[in-house]
Amino acid sequence: MTDLHQRITQQLRTLSLKGLIDLYRPLAEEAAKNQLQYEEYLALLLDEETRGKTDRSVRTKITLARFPFLRTLEEFDFSFQPSLEEKTLVRLGTLDFLEKAENLVFLGPPGVGKTHLAVAIGIKACQAKKRVLFLTLPALLRDLSLSVRNGTLPASLLAYSRYHVLIIDEVGYTPITREEANLLFQLVSIRYEKGSILLTSNYGFEDWGKIFPDSVVAAAIIDRLVHHARIFPIQGSSYRVRDKIHRRKSAKPSPSSLISQGEGEIKASL
Ligand code: ADP
Ligand code: MG
């Protein structure tokens with residue numbers, strides 16, 4: 001290591017510009033080859049550093065959002081899901097709904113892509129430097145109930161209100177107690193007109209009375225949730241099942257084996 005390289009490396013570390021340590025020399029060679037001016041070389045270095053910082057910050061945002069998997073809007077196959085208009089969903093990717101803190105609600109049976117879409121829009125929000133958190137309704141209710149027991153509910157609600165996007169997944173898979181329904185109501189109220197909620201449910205609103213202890217509390221939650229919301233009822237069959245059938249087809253099984261063994265396995269995998 002030359003003295004100059006050592007000095008530069010040390011200073012880049014001190015200035016927290018570590019990304020440039022491996023880059024400044026190749027870029028200097030490129031600059032020399034292309035006969036760039038000193039200022040142009042400096043601009044090149046700063047561009048790289050800015051890009052690196054942005055990438056790191058988006059990656060951090062995505063990690064902090066705790067998505068269960070990473071799927072993008074571009075990966076969503078709209079031809080499989082004609083009940084959704086591609087143009088409308090692509091527009092959601094521009095995050096226009098965040099300006100008025102509108103909520104997005106995806107309703108439909110298992111496997112139609114509700115979580116995929118919520119994650120994909122959440123990722124777009126991370127890329128736009130927004131604070132995002134993903135959690136299932138049972139996990140959210142567990143956390144809120146714990147904070148009640150610890151006497152920290154106000155702080156906990158405040159923390160949840162600070163996210164630009166709060167994704168609440170899987171509303172309806174497990175029944176909800178009266179106390180939990182009350183906590184959810186408080187959460188939806190605290191975010192009302194302040195921050196967007198992206199919510200997925202396998203039940204249409206008309207059936208929410210079955211998930212909640214009574215239809216009054218369900219109505220109160222729905223009322224706040226949908227006042228400023230875009231609602232996407234999704235129909236159709238499960239993409240997971242299609243995936244399974246496709247994989248089976250590409251393995252070229254005999255038609256009879258597909259029917260006799262396939263169905264059982266498909267059901268078991270749902
Ligand atoms: P849901 O939340 O409605 O139960 P998911 O979003 O978890 O369904 O989707 C199940 C799986 O199928 C995921 O891996 C998801 O990426 C995939 N998937 C669902 N719908 C589509 C689609 N239209 N295009 C591409 N992948 C899809
Ligand atoms: Mg889901």
Side-chain angles (χ1 to χ4, degrees), residues 62-63 65-95 97 103-127 132-143 163 165-176 180 184 187-188 196-208 210-212 221-222 225-226 229-251 262-270:
I62 289 176
T63 308
R66 296 198 241 144
F67 296 117
F69 52 69
L70 297 180
R71 296 276 193 291
T72 62
L73 264 186
E74 292 72 24
E75 285 170 306
F76 197 80
D77 178 0
F78 286 92
S79 65
F80 183 75
Q81 201 46 261
S83 63
L84 287 172
E85 203 190 17
E86 179 166 3
K87 209 173 64 192
T88 312
L89 269 293
V90 169
R91 175 119 182 266
L92 289 185
T94 67
L95 308 175
F97 67 94
N103 299 325
L104 306 180
V105 183
F106 299 101
L107 303 170
V112 292
K114 303 181 296 297
T115 305
H116 181 138
L117 289 170
V119 167
I121 294 162
I123 290 175
K124 291 272 186 217
C126 291
Q127 286 166 338
V132 179
L133 183 66
F134 179 107
L135 68 186
T136 62
L137 181 62
L140 172 67
L141 294 176
R142 261 198 311 278
D143 186 55
Y163 291 97
V165 176
L166 183 66
I167 303 177
I168 306 178
D169 197 31
E170 299 191 349
V171 174
Y173 280 109
T174 46
I176 294 164
E180 288 171 339
L184 181 62
L187 178 73
V188 171
S196 296
I197 292 178
L198 271 59
L199 182 141
T200 81
S201 178
N202 55 326
Y203 279 93
F205 287 131
E206 65 283 4
D207 291 323
W208 275 32
K210 292 180 196 154
I211 318 169
F212 291 92
I221 292 170
I222 293 170
L225 199 60
V226 306
R230 305 188 198 176
I231 297 155
F232 300 90
I234 314 178
Q235 285 120 36
S237 48
S238 168
Y239 195 87
R240 293 190 190 101
V241 175
R242 181 205 100 131
D243 241 16
K244 191 105 188 167
I245 291 172
H246 263 224
R247 264 184 269 133
R248 294 198 144 265
K249 273 193 181 149
S250 52
E263 281 184 349
E265 282 178 32
I266 288 164
K267 282 201 191 95
S269 72
L270 283 177

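This chain uses plain numbering: 1 for the first residue, then up along the sequence. Quick caveat, the model's predicted, so the values are computed rather than measured. Whatever order the structure lists them in is the order used to number ligands and atoms, beginning at 1.
Below 3.5 Å of separation, one finds an N or O of K114 facing an N or O of ligand 1. Annotation: Q81 places no N or O atom under 3.5 Å from an N or O atom of ligand 1; distance criterion only. Checked by distance only, ligand 1 and G113 come closer than 3.5 Å through their nitrogen or oxygen atoms.
The one candidate from L198, I167, L89 that meets the side-chain contact (heavy atoms from CB on, under 4.5 Å) condition with L104 is L198. When each of T200, D169, T136 is checked for a side-chain hydrogen bond (donor to acceptor under 3.5 Å, both in side chains) with T115, only D169 meets the rule.
Looking only at heavy atoms of the protein, atom 19 (C) of ligand 1 is closest to Y239 CB, 3.1 Å. The nearest heavy-atom contact from the protein to atom 7 (O) of ligand 1 is R240 NH2, 3.1 Å. Among protein heavy atoms, the minimum distance from atom 2 (O) of ligand 1 is reached at T115 OG1, 2.7 Å. With hydrogens left out, the protein atom closest to atom 24 (N) of ligand 1 is D77 N, 2.7 Å, a heavy atom. Closest protein heavy atom to atom 6 (O) of ligand 1: H116 N, 2.7 Å.
Between L135 and R66, every side-chain heavy-atom pair lies at or beyond the 4.5 Å cut-off. Residues S237 and F80 form a side-chain contact, since some pair of their non-hydrogen atoms from C-beta on lies under 4.5 Å apart. Between F76 and Q81 there is a side-chain heavy-atom pair separated by less than 4.5 Å. At least one side-chain heavy atom of L184 sits less than 4.5 Å from a side-chain heavy atom of L140. Inter-residue side-chain proximity for Y203 and V171 is flagged as unmet; no heavy-atom pair is nearer than 4.5 Å.
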- [ ] Assess whether side chain to side chain contact (heavy atoms under 4.5 Å, CB included) is satisfied between I168 and L187, documenting all intermediate values.
- [x] CA-CA 11 Å; I168 306 178; L187 178 73; 4.1 Å; yes
Open item on the list: As a quick check of understanding, evaluate side chain to side chain contact (heavy atoms under 4.5 Å, CB included) for I121 and V165, giving each step before the final call.
Closed with: CA-CA 9 Å; I121 294 162; V165 176; over 6 Å; no
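No donor-acceptor distance shorter than 3.5 angstrom exists from the side chain of K114 to the backbone of N202, with no hydrogens or angles considered. Put simply, the side chain of N103 gets close to the backbone of I197: a donor and an acceptor are under 3.5 Å apart. Although no hydrogens or angles enter the test, the distance criterion places a donor-acceptor pair under 3.5 Å between the side chain of H116 and the main chain of T72.
Every heavy atom of T200 sits 4.0 Å or more from the atoms of ligand 1.
Distances from atom 1 (P) of ligand 1 to the heavy atoms of S201, P82, G111 put G111 nearest.
When each atom of ligand 1 is checked for a heavy atom of P110 under 4.0 Å away, the hits are 4 (O). Remark: ligand 1 atoms within the under-4.0 Å shell around heavy atoms of R71 are 14 (O), 16 (O).
For the Mg ion (ligand 2), protein N, O or S atoms closer than 2.8 Å were enumerated as T115 OG1, with waters left out.
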